[in-house]
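Here the structure comes first, spelled out in structure tokens, and everything after it is commentary.
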Amino acid sequence: MWAVTATARTDLHSTHEPRTRSGAALASVGVSLPATSVPNADVAARLGVDESWIVRRTGIRARRIAEPQERLATHAAAAGREALERAELTPAQLDLVLVATTTADETLPNAAPLVAHALGASRAGAFDVGSACTGFVSALSVGSAHIESGRARNVLVIGADFMSRITDPADRSTAPVFGDGAGAVVMCASAHSRIGPVVLGADGAGADAIFVERDEGRIHMQGHETFREAVAKLSLVTLQAVRAAALGLADIDLFVYHQANGRILSAVGERLALDPVRVVDCIADFGNTSAATLPLALAFSEREGRLHPGDRVLLGAFGAGFTWGAAVAEWGRA
């Protein structure tokens with residue numbers, strides 16, 4: 001056994017570049033969305049409510065919905081491919097592919113190895129990351145730790161969810177809220193740490209507030225409790241992450257939160273006394289895409305001219321479990 005282990009270690013060093021400790025940086029973002037956009041009128045008619053009722057409760061006016069033949073892995077790979085091209089990296093340079101998702105196409109295999117294969121990332125390890133809507137932040141934590149420890153130099157982090165696949169179209173509490181999409185960022189080794197520390201939290205006592213039973217396969221959500229806890233935990237973890245980065249709220253250029261509900265975004269901003277201009281709200285056209293909302297919001301901000309190289313961005317999310325997390329990231333690599 002020891003001889004086999006030693007041989008495997010020698011082979012590993014012969015096919016991978018030497019690792020040195022470094023910081024991690026966000027180099028680029030890419031997205032992929034289903035072409036079909038479903039307006040509130042269609043959802044409202046099905047639920048027997050007014051369109052304005054949906055806007056008042058959620059801030060959402062439309063959401064992208066995948067067609068039955070569309071695959072999550074396909075959109076995840078497309079988002080990853082765009083991010084790689086923008087970072088000027090080839091798939092062969094990737095050491096790790098992480099896909100944060102709750103809605104992989106199959107129970108097994110994970111989406112990540114399928115995505116890595118579709119991209120041609122033959123040298124990369126690949127696995128999925130759970131933790132629901134907090135999945136993208138959790139994956140950032142894993143990816144940055146691999147880079148900071150010297151175990152990887154280039155990591156592709158993808159958030160992708162087809163929430164329509166687990167949403168009851170007749171449920172007023174969830175049907176107007178959720179949508180489908182995928183977004184990705186490339187993380188690269190940098191001379192200085194430009195991400196984090198990543199602060200993560202969890203409280204299983206709130207598990208009954210958002211859940212999907214395996215047999216039924218439909219999401220259930222207690223809206224009032226989820227709203228209250230989301231505002232409280234996002235506000236808290238924002239302060240913790242900013243403090244961990246040895247910064248203050250005034251040092252942050254842009255606050256990019258999980259796009260769960262427009263009212264949650266407003267409430268967090270008010271609680272922390274943030275200028276609304278510094279809080280990204282792009283939920284109107286996309287809905288809640290779970291693990292995909294943060295990269296979609298980053299891409300939206302960049303496209304709108306609100307995100308520039310060197311900007312300090314607070315990334316924060318809250319999701320089922322309950323789980324939550326946040327980190328300060330300096331946009332772009334040095």
Side-chain angles (χ1 to χ4, degrees), residues 33-68 70 72 101-103 131-135 159-182 203 205-234 257-270 280-294 296-297 317-324:
L33 293 163
T36 302
S37 179
V38 178
N40 279 350
D42 294 2
V43 178
R46 185 172 68 242
L47 297 177
V49 300
D50 189 81
E51 293 178 53
S52 61
W53 180 85
I54 297 176
V55 176
R56 288 196 307 272
R57 290 174 61 90
T58 68
I60 299 168
R61 297 182 180 277
R63 70 285 296 147
R64 299 297 182 94
I65 300 295
E67 298 294 338
E70 290 185 82
L72 178 114
T101 187
T102 304
T103 57
S131 99
C133 296
T134 315
D161 268 308
F162 280 2
M163 295 301 291
S164 65
R165 303 276 167 90
I166 59 172
T167 301
D168 181 351
D171 183 355
R172 289 189 181 186
S173 66
T174 59
V177 175
F178 292 107
D180 304 337
D203 180 9
D208 290 342
I210 313 171
F211 66 91
V212 178
E213 293 182 340
R214 185 176 294 276
D215 292 342
E216 182 190 25
R218 297 294 188 186
I219 191 168
H220 296 271
M221 181 170 63
Q222 297 178 23
H224 179 71
E225 182 180 355
T226 299
F227 178 92
R228 184 183 67 248
E229 289 297 318
V231 173
K233 294 302 190 294
L234 282 173
Y257 292 113
H258 165 51
Q259 305 288 298
N261 183 301
R263 291 170 56 236
I264 292 175
L265 297 172
S266 297
V268 172
E270 291 173 3
V280 175
D281 182 350
C282 62
I283 196 171
D285 294 325
F286 305 122
N288 181 346
T289 55
S290 191
T293 68
L294 286 180
L296 289 179
F318 174 89
F322 287 128
T323 60
W324 59 89

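Fair warning: this is a prediction, and the values are worked out from it, not measured in the lab.
Across every non-hydrogen atom of E70 and R165, the tightest pair is O-NH2, 2.9 Å. Between G181 and A292, the shortest heavy-atom contact is O-CB, 3.4 Å. Nearest heavy atoms, W324 versus T134: C-CG2, 3.5 Å. Across all non-hydrogen atoms, the minimal contact from I60 to N288 is CD1-N, 4.3 Å. Taking every heavy atom of both residues into account, Y257 and L234 meet most closely at CD2-CD2, 4.1 Å.
Checked against side-chain hydrogen bond (donor to acceptor under 3.5 Å, both in side chains), E213 has no partners two or more places apart in sequence or in another chain. For S37, there are no side-chain hydrogen bond (donor to acceptor under 3.5 Å, both in side chains) partners at least two apart in sequence or on another chain.
When only modelled atom types and interatomic distance are considered, N261 and T58 share no side-chain donor-acceptor pair under 3.5 Å. Checking T289 against Q259 by side-chain atom types alone, no donor-acceptor pair falls below 3.5 Å.
Put simply, the side chain of I65 reaches to within 4.5 Å of the side chain of R63, judged on heavy atoms. Using a 4.5 Å cut-off on side-chain heavy atoms (C-beta onward), L33 and F286 make contact.
At distances below 3.5 Å, at least one donor-acceptor pair connects side-chain atoms of T101 with backbone N or O atoms of T103.
Screening residues 210-230 for ring pair (Phe, Tyr, Trp, His ring centres under 6.0 Å), with sequence neighbours left out, gives F211-H220.
The only member of D161, V212, I219 that meets side-chain contact (heavy atoms from CB on, under 4.5 Å) when paired with T102 is D161.
For CZ of R61, the number of neighbouring non-hydrogen atoms (other residues, nucleotides, ligands) closer than 6.0 Å is 12 at most.
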